[in-house]
Structures are given as C-alpha cells and as structure tokens.
Amino acid sequence: MSPSPVRHPFDLSGKIALVTGSTMGIGEATARVLAQAGAHVVISSRKPEDCERVAAAFREEGLSAEGRACHIGHMDDIAGMAAHLRERRGGLDILVNNAVLSPWRSIDELEPALFTKTVEVNLRGNWYLSREATQLMKLRGGGSIVNIASMAAVHPERMLGLYSTLKTAMLGMSRSFALEYGEHGIRVNTVLPGLIETRLANAYDAPTRARYIAKTPVGRLGQGEDIGHAVLYLASPAASFVTGASLVVDGGITISAV
C-alpha cells in the first residue's frame with residue numbers, strides 16, 4: 001500500500017475563512033492569500049455590492065469566495081453572519097478581524113459620538129464576532145482567529161490616539177481568548193503591521209512617507225500581501241503550537257535607531 005500523501009502545512013483546502021473589512025487594502029489582500037491556499041473565503045464589509053464585487057473577482061481568478069455584508073458595529077449583523085455560517089457552511093475555521101475605523105483626530109478634537117462609534121467597531125464588534133466564531137469553530141473541531149492590530153498598539157501615533165488605544169486592546173483580547181478557548185482547539189494570535197500601502201498610509205504627506213521609508217531597514221512600505229502571508233502562517237497547521245502570540249510585520253522599523 002502506498003503511503004498517504006503528506007498535507008502541506010500551509011494548505012487550507014476545505015477550510016472556511018471569514019475576513020472582515022476585506023473589500024480593499026489589507027483585508028482584500030489577506031483574503032486572496034487565504035483563498036490561494038485553498039480556503040473558501042467569505043468577503044465581508046458594510047456594503048453588499050462591494051462584497052459581491054470582490055468575491056466575483058476572486059471567482060474569476062478560480063478562487064472559492066462569496067460576498068456577505070456585515071457591519072461589525074451592529075450586533076444584529078454579527079448575529080446574522082453567525083447564523084449564515086452555521087446554516088450554509090456548517091461552522092467556521094478561520095476568522096480574521098481586520099475591519100476598523102481610523103478617526104484622524106487629536107485627543108482634544110475627538111467628539112463623544114465618534115468615540116462611541118469607533119469603540120463599537122474596533123473593540124465591541126471584534127469581541128462579539130470572535131465570541132460567535134468560537135462557537136462556530138467548536139462545530140468543526142477547532143480553528144484560528146487572527147486579529148489585525150498595528151504597531152500603533154505599542155508606539156502610538158499622533159492624530160490616531162483612539163485607534164492606537166483600541167489596537168492595544170486587541171493585544172489583550174487575543175491573549176484572553178487564547179487562554180479561554182485553547183482547550184477547544186482554537187488558537188488566537190495578533191499581527192501588528194507597520195505602515196502598509198493603504199488609505200491610512202495616504203494620510204501621511206510625501207515627506208513623512210519618505211522619512212518613514214528611510215528609517216525602515218528593508219527600505220519600503222509594506223504591501224497587503226505581506227500581512228496576508230503572516231495571517232496565512234498563523235491560520236494554518238504550520239502554526240498549530242502558536243497561540244496568544246503577537247507577530248510584528250513592519251519591515252524592521254521598530255528596531256531602527258536611525
């Protein structure tokens with residue numbers, strides 16, 4: 001009898017992955033990487049038309065994807081997504097919490113209504129979607145949650161005080177979920193991106209971007225795929241003994257003394 005083929009440690013064939021905020025930027029790039037590794041990916045953001053547009057583009061590339069709108073600031077949307085995954089997919093294997101609000105305000109300028117809205121998305125939404133995901137993952141014998149934080153979690157940015165604060169909260173959330181759900185085969189980790197080519201990076205003027213690149217040992221800004229590949233590692237069997245960890249993906253900027 002010939003031996004059974006050895007499964008590649010980064011193979012996600014048969015896995016169901018939900019990536020929030022995946023109609024652009026880091027989320028879209030991450031969803032594509034997971035789909036290329038064999039996962040069926042649920043493309044999710046606030047607008048149904050954007051979700052279906054990106055999912056259709058994935059399918060044209062020969063990837064397995066569907067669009068499903070979910071505003072994680074709305075508890076009813078979170079419940080609806082969980083019901084959909086339970087009924088249509090039999091659970092969930094991978095959750096990537098990427099959706100985010102990034103209010104560009106000084107601490108003095110941040111009004112209470114925007115504070116509340118941001119907390120509802122960046123903390124409450126990620127918390128309760130993750131809690132729903134753990135129940136869905138139990139149906140499939142375990143799973144992986146990857147939270148997308150930021151280097152701003154440990155090195156706060158001016159004008160992004162609330163964003164930085166809530167990204168720090170995600171580090172604690174990851175460790176707490178990892179501790180409580182590890183016995184169910186559920187791993188929870190965090191990726192901390194540096195400056196990535198996204199709309200948030202475009203908020204910096206050209207001289208600021210140039211100074212940042214000059215300080216970065218690898219000599220460039222990050223690309224969405226750089227984060228996607230880090231997520232793939234943490235979501236895959238290759239990281240089966242990794243939980244409660246934080247992976248910095250910043251091109252070395254935090255070790256630079258320049």
Side-chain angles (χ1 to χ4, degrees), residues 16-23 26-27 30-31 42-46 68-86 89 91-103 110 112-140 142-154 156 160-193 200 227 230-231 234-235 242-247:
I16 308 298
L18 167 62
V19 184
T20 67
S22 51
T23 56
I26 288 173
T30 296
V42 181
I43 303 296
S44 184
S45 70
R46 292 177 300 144
R68 175 81 183 184
C70 178
H71 189 318
I72 66 167
H74 297 164
M75 297 295 286
D76 288 347
D77 278 20
I78 291 174
M81 175 63 83
H84 170 78
L85 292 168
R86 184 178 297 107
R89 298 296 169 187
L92 183 67
D93 300 293
I94 299 164
L95 169 63
V96 182
N97 282 314
N98 171 72
V100 68
L101 286 181
S102 309
L110 187 66
L114 182 56
F115 179 96
T116 298
K117 181 179 179 180
T118 305
V119 171
E120 287 174 349
V121 172
N122 294 12
L123 183 57
R124 189 188 72 179
N126 288 326
W127 179 283
Y128 282 101
L129 183 58
S130 295
R131 196 176 75 170
E132 292 282 5
T134 61
Q135 306 311 304
L136 296 168
M137 290 173 179
K138 288 178 184 179
L139 298 175
R140 295 172 69 88
S144 173
I145 298 173
V146 182
N147 292 316
I148 306 300
S150 168
M151 284 312 302
V154 290
L160 287 170
L162 182 57
Y163 170 89
S164 300
T165 298
L166 295 176
K167 289 300 187 182
T168 303
M170 290 192 78
L171 301 179
M173 186 182 110
S174 293
R175 292 193 290 265
S176 294
F177 272 68
L179 180 64
E180 290 203 19
Y181 294 102
E183 65 186 82
H184 301 288
I186 297 169
R187 298 180 298 102
V188 188
N189 294 288
T190 312
V191 173
L192 287 79
L200 182 59
I227 307 306
V231 172
L234 291 172
V242 180
T243 195
S246 299
L247 177 58

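If you're wondering where the values come from, they're calculated on a predicted model, not measured in any experiment. Index from 1, following the sequence.
- The side-chain heavy atoms of Val121 and Leu166, taken from C-beta on, include no pair separated by under 4.5 Å.
- Put simply, the side chain of Lys167 reaches to within 4.5 Å of the side chain of Val100, judged on heavy atoms.
- In this structure the side chain of Leu18 reaches within 4.5 angstrom of the side chain of Leu85, judged on heavy atoms.
- Among pairs with a residue in residues 75-84, those fulfilling side-chain hydrogen bond (donor to acceptor under 3.5 Å, both in side chains) read Glu66-His84, at least two apart in sequence or across chains.
- Side-chain contact between Ile145 and Thr134 is present, with heavy atoms from C-beta onward closer than 4.5 Å.
- If you take CG on Leu123 and OH on Tyr128, they are separated by 9.5 Å, rounding to the nearest 0.5 Å.
- Put simply, the residue from Asn147, Asn126, Asn189, Thr243 that forms a side-chain hydrogen bond (donor to acceptor under 3.5 Å, both in side chains) with Ser174 is Asn147.
- Counting heavy atoms from C-beta on, the side chains of Leu171 and Leu192 come closer than 4.5 Å.
- Side-chain contact between Met137 and Leu95: present, with at least one pair of heavy atoms (C-beta onward) separated by less than 4.5 Å.
- When the side chain to side chain contact (heavy atoms under 4.5 Å, CB included) test is applied to Ser22, the partners found at least two apart in sequence or on another chain are Val19, Ala31, Ile43.
- Scored by the ring pair (Phe, Tyr, Trp, His ring centres under 6.0 Å) test, Tyr181 finds Phe177 as partners (sequence neighbours excluded).
- A distance-only check finds no donor-acceptor pair linking the side chain of Ser45 to the backbone of Gly21 [under 3.5 Å].
- Residues Thr20 and Cys70 fail the side-chain proximity criterion, which asks for heavy atoms closer than 4.5 Å.
- The environment of CZ in Arg124 is crowded: more than 12 heavy-atom neighbours from other residues, nucleotides or ligands sit within 6.0 Å.
- The number of heavy atoms from other shown groups lying within 6.0 Å of CD (Glu180) does not exceed 12.
- Within the 3.5 Å criterion, the main-chain N or O of His71 finds no donor-acceptor partner in the side chain of Arg46.
- Contact detail for Phe115 and Leu110: the closest heavy-atom pair is CD1-CD2, 3.8 Å.
- Summarising the geometry, atom CG belonging to Leu129 is positioned 7.5 Å from atom CD belonging to Glu132; distances are rounded to the nearest 0.5 Å.
- The side-chain heavy atoms of Val96 and Ile148, taken from C-beta on, include a pair separated by under 4.5 Å.
- A donor-acceptor contact under 3.5 angstrom links the side chains of Asn97 and Ser130, judged on distance only.
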